[in-house]
2 protein chains.
Amino acid sequence: MSQKLEQLSKNQQIVLNLIEKAKGPLKAYSILYNVQKKGIKAPLQVYRALEKLIKIGKIHKIESKNAFIACNNSECEISNATAFSICDNCEHVKEIKNAKLSKYLSNFHDNSGMKFKKYNLEFFGLCKNCKLKQ
Amino acid sequence: MSQKLEQLSKNQQIVLNLIEKAKGPLKAYSILYNVQKKGIKAPLQVYRALEKLIKIGKIHKIESKNAFIACNNSECEISNATAFSICDNCEHVKEIKNAKLSKYLSNFHDNSGMKFKKYNLEFFGLCKNCKLKQ
DNA sequence: TTATAAAATGTTATATTATAACAAACGTTA
DNA sequence: TAACGTTTGTTATAATATAACATTTTATAA
């Protein structure tokens, strides 16, 4: 039964495979072009797969880039606590795994006492490589 | 001279006025419809104003909603450290002012030692009102 | 004050991102 | 097998954002 829950449909698997073997985040229409040989023909097919993959935590959306990246963080299986570093120069994106950070943010509550079920954090700067080249 | 720097152009002022008097974030095309009586006719005129207003920190973009909100935080004048709470139910958005949080995030560096010039954090949950109604 | 550079404007067209609506097939479970 | 939820396929369209180019306004400084 638990195996069923992890069973991906055909389109979902195709899209996930592509995203997982990519070096960085992929955009929806770039995904579409790359899976057309596999029989996926329309944007909706891609978006529906993405929606499901996000929901189950296999991928994340990088909101500032409208792009999708595979989850590499075993701690965020339910996809409710995500943090990324994004290079302003080369656009390299990396998911941040940091227990302190995620603990800090998961426990954060604002002045009104509102607590949160989910957060997404995007950091911007220059990655090591790009900093050296400056 | 410093006054010149803060001087907004006509279109920028029109767009900013609208966003500032709004109760929540506005979408670009909703802004467009609402400023057409003021003579702004095309999306680009809106997007250009938005771009400038973001750059100088007068407004922020809520990335997960593709919407724009006035800055209410004197501490983020350069718009490089933003945090928001977003209600999943009523979509109410509020900028979070919290010195500890911003200090924590501004000083954060990842495992590789990469430091960041900018971050954007979006929290999701139920606001007080919506929590009560459940 | 004039030239010149930088910023802003106006405009048309188009690119990019995402969803609506509907019909059909599939997989699971009662 | 009947019923349900999920996934698929498909066409059309909505929503978001930028390219390219010509012109005008504003700031700077020679």
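In what follows, every chain begins at residue 1, and chains take the letters A, B, ... in the order their sequences are listed.
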Rounding to a whole Å, what distance do you find between A:Ile54:CD1 and C:dT17:C1'?
13 Å

Considering just the side-chain nitrogens and oxygens of B:Lys55, establish if one lies under 4.0 Å of OP1 or OP2 belonging to C:dA7.
no

Whole angstrom value for the distance that separates C1' of D:dG9 from CD1 of A:Ile14
13 Å

Under 4.0 Å, heavy atoms only, any strand: does A:Lys65 hit a base, just the sugar-phosphate, or nothing?
nothing

Measuring from atom NZ of B:Lys128 to atom SG of B:Cys90, what distance do you get when rounded to the nearest 0.5 angstrom?
13.5 Å

Are any of B:Lys27's side-chain N or O atoms less than 4.0 Å away from OP1 or OP2 of D:dT16?
yes

For the side chain of A:Ser102 and the backbone of A:Ala99, is there at least one donor-acceptor N/O pair under 3.5 Å apart?
yes

Does one hydrophobic cluster hold both A:Phe68 and A:Ile56, with members joined at side-chain heavy-atom distances below 4.5 Å?
yes

Return the value, rounded to whole Å, for the distance between atom CG of A:Leu26 and atom C1' of C:dT16.
16 Å

Axis bend over the full length of the helix from C:dT1-D:dA30 to C:dA30-D:dT1, computed from five pairs that close each end, to 10 degrees:
40°

Find the distance B:Ile56:CD1 to C:dA8:C1' and express it as a whole number of Å.
13 Å

In Å and rounded to the nearest 0.5 Å, what is the CD to CG distance from B:Glu51 to B:Leu44?
9.5 Å

Distance check, rounded to the nearest 0.5 Å: A:Asp88 atom CG versus A:Cys127 atom SG?
10.0 Å

Matching residue for A:His60 among A:Ile54, A:Val93, A:Ile69 - test: side chain to side chain contact (heavy atoms under 4.5 Å, CB included):
A:Ile69

Has B:Gln36 got more than 12 heavy atoms of other residues, nucleotides or ligands less than 6.0 Å from its CD?
yes

Euclidean distance, atom CD of residue B:Gln13 to atom P of C:dA8 [Å, nearest integer]
13 Å

Is B:Ile40 linked to B:Leu53 within one hydrophobic cluster, defined over Ile, Leu, Val, Met, Phe, Trp and Tyr using a side-chain heavy-atom separation of less than 4.5 Å?
yes

Please tell me if B:Asn66 has a side-chain N or O lying less than 4.0 Å from either OP1 or OP2 of C:dT17.
no

Indicate every side-chain donor-acceptor pair of residues 108-126 of chain B with a distance under 3.5 Å to a residue at least two apart or in another chain.
unit_1	atom_1	unit_2	atom_2	d
B:Asp110	OD1	B:Ser112	N	3.0
B:Asp110	OD1	B:Ser112	OG	2.8
B:Asp110	OD1	B:Gly113	N	3.1
B:Asp110	OD1	B:Met114	N	2.9
B:Asp110	OD2	B:Ser112	OG	3.4
B:Ser112	OG	B:Met114	N	3.4
B:Asn120	OD1	B:Thr82	OG1	2.7
B:Asn120	ND2	B:Glu122	OE2	3.1
B:Glu122	OE1	B:Ser64	N	3.2
B:Glu122	OE1	B:Ser64	OG	2.6
B:Glu122	OE2	B:Glu63	N	2.9

Between C1' on C:dA8 and CG on B:Leu53, what's the gap in Å once rounded to a whole number?
13 Å

Is there a side-chain contact between A:Ser9 and the phosphate of D:dT8, meaning an N or O under 4.0 Å from OP1 or OP2?
yes

Could you pull out all donor-acceptor pairs under 3.5 Å where a side-chain atom in residues 9-28 of chain B meets a protein atom, sequence neighbours excluded?
unit_1	atom_1	unit_2	atom_2	d
B:Ser9	OG	B:Gln12	N	3.4
B:Ser9	OG	B:Gln12	OE1	3.3
B:Ser9	OG	B:Gln12	NE2	3.4
B:Gln12	OE1	B:Ser9	N	3.0
B:Gln13	NE2	B:Asn17	OD1	3.0
B:Asn17	ND2	B:Gln13	O	3.4
B:Lys27	NZ	B:Lys65	O	3.1

Linking I/L/V/M/F/W/Y whenever any side-chain heavy atoms sit under 4.5 Å apart, do B:Phe84 and A:Leu105 land together?
no

What residues, two or more places apart in sequence or in another chain, satisfy side-chain contact (heavy atoms from CB on, under 4.5 Å) together with A:Tyr29?
A:Leu32, A:Tyr33, A:Pro43, A:Tyr47

Interatomic distance where CD belongs to B:Gln7 and C1' belongs to C:dA8 [whole Å]
13 Å

Mind running a 4.0 Å heavy-atom check of residues 17-25 of chain A against DNA chain D and sending the residues that fall below it, in number order?
none

Euclidean distance, atom NZ of residue A:Lys61 to atom P of D:dT16 [Å, nearest integer]
11 Å

Using a cut-off of less than 4.0 Å, is there contact between a side-chain N or O of B:Asn11 and OP1 or OP2 of C:dG10?
yes

Taking only heavy atoms on the protein side, list every residue of residues 29-48 of chain B lying under 4.0 Å from any atom of DNA chain C, sorted numerically.
B:Lys41, B:Ala42, B:Leu44, B:Gln45, B:Arg48

